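I have placed the structure first, in the form of structure tokens, so that the comments after it can refer back to it.
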Amino acid sequence: MENLFFGLDLSTQQLKLTVIDENFKVILEESVHFDKELSEYGTKNGVISNGNIVISPTLMWVAAVDRLFTKLQSVGFPFQHVKVISGAGQQHGSVYWRKKASNIFANLEPSQLLVTQLRNCFAIPDSPTWQDSSTTQECRQLEYTACGPEVLAKITGSKAYERFTGNQIAKIYCNNREAYDETERISLVSSFVATLLLGKYAPIDVSDGSGMNLLDIYTKEWDNRLLEACGSELRQKLGEPEKDGFKVIGKISEYFIKRYGFDYECMILPFMGDNPSSLLSLRLEQGDIVVSLGTSDTVLLLTDQANPTTESHTLCHPIDPNAYISMLCYKNGSLTRESIRDTYANKSWNKFNEILHSYPHPHENIIGFYFPIQEIIPFAHGIYRFINQEPVQEFDDDSKYNVRAILESQFMSMRIRTEKLISGKKWKRINAIGGASENTEILKVLADVFGVDVWRYSGRNSAGYGAALKARMATIGNFNSSSLMSDFFKIAEPRSENTLIYERMLNIYQQLELRILKT
Ligand SMILES: Nc1ncnc2c1ncn2[C@@H]1O[C@H](COP(=O)(O)OP(=O)(O)O)[C@@H](O)[C@H]1O
Ligand SMILES: O=C(CO)[C@@H](O)[C@H](O)COP(=O)(O)O
């Protein structure tokens, strides 16, 4: 058997694995779903929420790694053929390793599960996640330190956001000093999984590091002033960021060799943020935009220059030192679509799609805003419906209108903000990825709102695939995306009569959004 390459992805709701061969072909996709397969941790959609505090039990993620490898072992997976491993993680989430944890994970007993042996390794048992919005005070403080949100965005690629790790660390430093002092290392979700595989601390890669409000996106080094504002001795606790996405950060640990039969020479590369990793899975051309419809919704643009604004994020590219990624991120993505499906379409995507199919045209006078979770852009909360620009409690034909209105609203917001980001240029195609990109009816609305074709990736997990490709390309010495095209195909074309209506609606949408923000 030829060499195999692993791409892991620890996302919000699951741990996923994509395995490819030397010809970039996916030979296996496997996953562990947190709510379903690790229900003893009590998560809903992968997290535990208490108001604006949203965490995931760190040990659940450890248990997910055990579960994933045990599943592969039970079907006789040939671990000895895995040559290189990379991976990705939900961005911004953080893990707090207790003092001496590194001694423990460097000397693990192969006969026992990780979860049994790492039980006492975390100074804080619950990891703050990207859905957390409890650090508004810390955000304002960091912006003050940087001399304003615009300056902070110019340095780090983003103004201060509640979920960004620097602000989460600052909250722990102020409110839980004992745990902070007890922490020897802070990992992001991506570098945490790499650490488990290496048996030593893995560095934070610059693509994920740029989601912390701490990294200077030009020098790709931590900014001293921002580090000092968030906690003492933070540089030591974070380790130095890794700028070289292809650097071999170590070989797989003895634990995995002895327990599962990996080869001694199996190499580990830096793990990345899940959105940057997804971008690697695509063969992007001029005029392409990427829309990811996962737990979060994101819009991703590949750029050759950093373009920080106070509404978007600029991330360092995971492997190209001269490229950047502009990103918009929405919290009310798949979970909010699911709640509309549950209320108005009998909890069934089939019913949801039937409604979309039976009423294929927009209603110009009907607009809704759906932010049951605190939204990021705009910073709004609540559900608002309008008929002829007048607020209403509910639409008359509630199923029909809510199902269309949520999609139209999500995609009009993306279009308005993407237009601002690319100022004057025109997009030519959308590459859709993430769980909801499986739904063709949803993608038809996306095509209509943006007025361009939508293409789709045939696999299930783009972040895992991007990481596996990086692992494969590391053995070639460069990243050539030209061989990836066959995995993509056109799935939806815009209906011009619908696009014209949406173009008229965009203005009204923006006015109504401003009204909401004033309430
Ligand atoms: N057929 C479908 N139609 C719409 N949404 C879907 C469909 N299948 C899956 N999803 C959505 O995809 C989401 C999961 O997306 P995924 O990219 O796997 O998430 P993550 O990587 O954040 O764990 C689910 O919450 C679900 O709402
Ligand atoms: O917060 C962000 C990006 O800034 C999210 O996109 C997270 O990275 C979570 O990813 P998914 O689990 O939705 O893929």
Side-chain angles (χ1 to χ4, degrees), residues 8-18 29 31-36 43-47 54 56 64 88-94 128-133 157-158 161-165 168 188-190 207-208 210-213 272-279 281 290-300 312-315 325-342 345 347-353 356 373 375-377 403 406-407 410 432-446 456-457 459-466:
L8 286 149
D9 174 24
L10 203 169
S11 67
T12 313
Q13 305 190 55
Q14 315 142 70
L15 173 65
K16 303 179 244 186
L17 169 71
T18 304
E29 287 188 307
S31 65
V32 175
H33 192 274
F34 305 140
D35 293 6
K36 288 185 198 142
T43 58
K44 185 162 184 263
N45 302 315
V47 299
V54 185
S56 289
Q90 53 169 290
Q91 295 188 250
H92 321 294
S94 43
T129 70
W130 68 275
Q131 285 169 302
D132 187 282
S133 53
S158 302
Y161 285 93
E162 280 75 1
R163 69 194 192 287
F164 274 47
T165 327
Q168 294 291 339
L188 294 183
V189 176
S190 57
S207 75
D208 219 8
S210 28
M212 300 173 78
N213 278 146
M272 307 161 273
D274 59 356
N275 289 292
S277 186
S278 287
L279 211 74
S281 72
V290 180
V291 173
S292 171
L293 303 171
T295 308
S296 60
D297 281 354
T298 61
V299 177
L300 302 163
S312 66
H313 310 297
T314 299
L315 307 175
I325 299 165
S326 289
M327 176 169 79
L328 303 168
C329 180
Y330 297 89
K331 266 196 211 165
N332 289 283
S334 281
L335 300 179
T336 305
R337 285 188 288 276
E338 270 177 38
S339 77
I340 293 294
R341 175 203 65 182
D342 293 351
K347 305 189 174 179
S348 146
W349 287 124
N350 283 342
K351 177 74 190 156
F352 187 95
N353 291 347
L356 285 174
I373 316 171
E375 190 46 272
I376 301 166
I377 34 174
V403 164
I406 182 167
L407 300 176
Q410 290 178 325
I433 54 175
S437 70
E438 290 199 12
N439 188 323
T440 308
E441 290 301 321
I442 290 180
L443 298 188
K444 283 184 190 164
V445 181
L446 182 63
R456 181 165 78 187
Y457 163 57
R460 271 187 290 159
N461 175 22
S462 54
Y465 187 49

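Start at 1 and go down the list; that is how both ligands and their atoms are numbered. Basis for what follows: all heavy atoms, side chains included, without hydrogens, waters or symmetry-related copies. Only a predicted model underlies this, so the values are computations on that prediction, with no experimental measurement involved.
Remark: side-chain polar atoms of Glu29 are paired, donor with acceptor, to backbone N or O of Asn461 under 3.5 angstrom. Judged purely by atom type and a 3.5 angstrom limit, Gln13 has no side-chain atom pairing as donor or acceptor with the backbone of His33.
Residues Pro276 and Gln91 share a closest heavy-atom pair of CD-OE1, 3.7 Å. Here the shortest heavy-atom pairing between Arg337 and Gln410 reads NH1-OE1, 2.8 Å. Scanning both residues, Asp9 and Ala463, for their nearest heavy atoms gives OD2-CB, 3.5 Å.
Using a heavy-atom distance under 4.0 Å as the criterion, the protein contacts of ligand 2 are Ser11, Thr12, Gln90, Gln91, His92, Trp130, Arg163, Asp274, Asn275, Thr295, Ser296, Thr298, Met327, Cys329.
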Could you check ligand 1 for N or O atoms lying under 3.5 Å from protein N or O atoms and list the pairs with distances?
from: ligand 1; atom 1: 3 (N); to: Asn439; atom 2: ND2; distance (Å): 3.1
from: ligand 1; atom 1: 15 (O); to: Gly435; atom 2: N; distance (Å): 3.4
from: ligand 1; atom 1: 17 (O); to: Gly435; atom 2: N; distance (Å): 2.9
from: ligand 1; atom 1: 18 (O); to: Gln14; atom 2: NE2; distance (Å): 3.2
from: ligand 1; atom 1: 18 (O); to: Lys16; atom 2: NZ; distance (Å): 3.2
from: ligand 1; atom 1: 19 (O); to: Thr295; atom 2: OG1; distance (Å): 3.4
from: ligand 1; atom 1: 21 (O); to: Ser11; atom 2: OG; distance (Å): 3.1
from: ligand 1; atom 1: 21 (O); to: Lys16; atom 2: NZ; distance (Å): 2.7
from: ligand 1; atom 1: 22 (O); to: Thr295; atom 2: N; distance (Å): 3.2
from: ligand 1; atom 1: 22 (O); to: Thr295; atom 2: OG1; distance (Å): 2.4
from: ligand 1; atom 1: 23 (O); to: Ser11; atom 2: OG; distance (Å): 2.7
from: ligand 1; atom 1: 23 (O); to: Gln13; atom 2: N; distance (Å): 3.3
from: ligand 1; atom 1: 23 (O); to: Gln14; atom 2: NE2; distance (Å): 3.2
from: ligand 1; atom 1: 25 (O); to: Gln13; atom 2: NE2; distance (Å): 3.0
from: ligand 1; atom 1: 25 (O); to: Glu338; atom 2: OE2; distance (Å): 2.6
from: ligand 1; atom 1: 27 (O); to: Glu338; atom 2: OE2; distance (Å): 2.4

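With sequence neighbours left out, the salt bridge (Lys or Arg N to Asp or Glu O under 4.0 Å) criterion links Arg163 to no other residue. Listed by chain and residue number, Tyr161, Phe164 satisfy the ring pair (Phe, Tyr, Trp, His ring centres under 6.0 Å) test with His313 (two or more places apart in sequence, or in another chain).
Note that NZ of Lys444 and CG of Leu446 are 13.0 Å apart. Values are rounded to the nearest 0.5 Å.
With hydrogens and angles left out, the side-chain atoms of Asp274 and Ser11 include no donor and acceptor closer than 3.5 Å.
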